[in-house]
Amino acid sequence: MKLLALLVFMNSGFTVDVATEVAYTIDLRRELLADFADDIGLFERHMPGVLAVKNIGENIYLYQTEKRVPLAGTLRTDFTISKRSEGDSLTIYESLTPNDPNYMYCAVLIKPESERSTRISITLRLRLERENGFAIH
C-alpha cells in the first residue's frame, strides 16, 4: 500500500519551491562595490552547480546548472532570466515569466551601512515544476 501511495505521489504534478535570504556587512565603502550587483558573472563564479551564464539578448541570459541528486543522478536545469536594476542599489535577476517551470528570482541589494562599510542582501527563490517527482528524484 505504501508503494502504491508513493507511485501515485511521484506520478502526479510535482513542485519544488525553495527560498532563502542572506545578508552580510563588508568593510568596504559602497562606491568601491559599484559594479558588484551588476555583474552577472557572480553566479558562475560563486554559486555551486552553475555551469555557465550566457548572454542571449539584451539583459537576457541562459543560466545553466547541474546538480547530483540522490536517486536521479545528475539534474541539469536551464533558466532563462532577465536582469533589471532599480536605482543604483538593487539588481534583480528573474525568469522571463512567473509561471516558467524552471523559475528563478534573485535580488541583490547593496546599501551603505556606514562611511566605511556596506550591507549586501541577497534573496534567492527557485521553483521547479515537473510532471512527476521522478524527474527530480
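In what follows, every heavy atom counts, from backbone to side chain, and hydrogens, waters and symmetry copies are set aside.
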Looking at every heavy atom in both Ile81 and Leu96, which two are closest together, and how far apart are they? C-CD2, 4.2 Å
Backbone of Arg30 reached by a side-chain donor or acceptor of Thr118 within 3.5 Å: yes
Could you check whether any side-chain heavy atom of Gln64 comes within less than 4.5 Å of a side-chain heavy atom of Lys54, counting everything from C-beta outward? yes
Would Tyr103 and Glu129 count as having a side-chain donor-acceptor pair, cut-off 3.5 Å? no
Single-linkage hydrophobic cluster, 4.5 Å side-chain cutoff, Ile122 and Leu28 together: yes
Side chain to side chain contact (heavy atoms under 4.5 Å, CB included) partner of Ser85, chosen from Leu90, Thr91, Asn59, Val108: Thr91
Is there a side-chain contact between Ile26 and Ile120 (heavy atoms, below 4.5 Å)? yes
Would you say Ser117's side chain and Thr25's backbone share a donor-acceptor pair under 3.5 angstrom? no
Please check if Ile60 and Ile92 belong to a single hydrophobic cluster, counting links between Ile, Leu, Val, Met, Phe, Trp and Tyr side chain heavy atoms closer than 4.5 Å. no
Identify whether Ile56 and Met104 are in the same connected component of the hydrophobic contact network (ILVMFWY, side-chain heavy atoms under 4.5 Å). no
Rounded distance [0.5 Å steps], OG in Ser82 versus OH in Tyr93: 10.5 Å
Ignoring hydrogens and geometry, is there a side-chain-to-backbone donor-acceptor pair from Thr65 to Thr77 under 3.5 Å? yes
I'd like to know if the side chain of Thr20 and the backbone of Leu124 have a donor-acceptor N/O pair within less than 3.5 Å. no
Of all heavy-atom pairs between Tyr63 and Val50, which one has the smallest distance, and what is that distance? OH-CG2, 3.3 Å
Yes or no on salt bridge (Lys or Arg N to Asp or Glu O under 4.0 Å) for Asp100 and Arg127, after CA distance, side-chain angles and deciding distance? CA-CA 9 Å; Asp100 192 319; Arg127 185 185 68 243; over 6 Å; no
SB check Lys83 Glu94 (cutoff 4.0 Å): no
Please lay out, stage by stage, how Thr123 and Val22 fare under the test side chain to side chain contact (heavy atoms under 4.5 Å, CB included). CA-CA 7 Å; Thr123 301; Val22 66; over 6 Å; no
Please walk me through it: do Arg125 and Asp17 pass side chain to side chain contact (heavy atoms under 4.5 Å, CB included)? CA-CA 7 Å; Arg125 178 179 177 217; Asp17 195 334; 2.5 Å; yes
Does Arg116 offer a backbone N or O that forms a donor-acceptor pair with the side chain of Ser114 under 3.5 Å? yes
I'd like to know whether Glu66 forms a side chain to side chain contact (heavy atoms under 4.5 Å, CB included) with Thr74, so could you lay out the CA-CA distance, the side-chain angles of the two residues, the decisive distance to 0.1 Å, and finally the verdict. CA-CA 7 Å; Glu66 181 177 280; Thr74 301; 3.2 Å; yes
Find the distance between OG (Ser89) and NZ (Lys111) and round it off to the nearest 0.5 Å. 5.0 Å
Would a distance-only check, ignoring hydrogens and angles, find a side-chain to backbone donor-acceptor pair under 3.5 Å from Asn102 to Asp78? yes
State yes or no: do Val18 and Phe79 share one hydrophobic cluster built from I, L, V, M, F, W and Y residues joined by side-chain heavy-atom distances below 4.5 Å, directly or via other members? yes
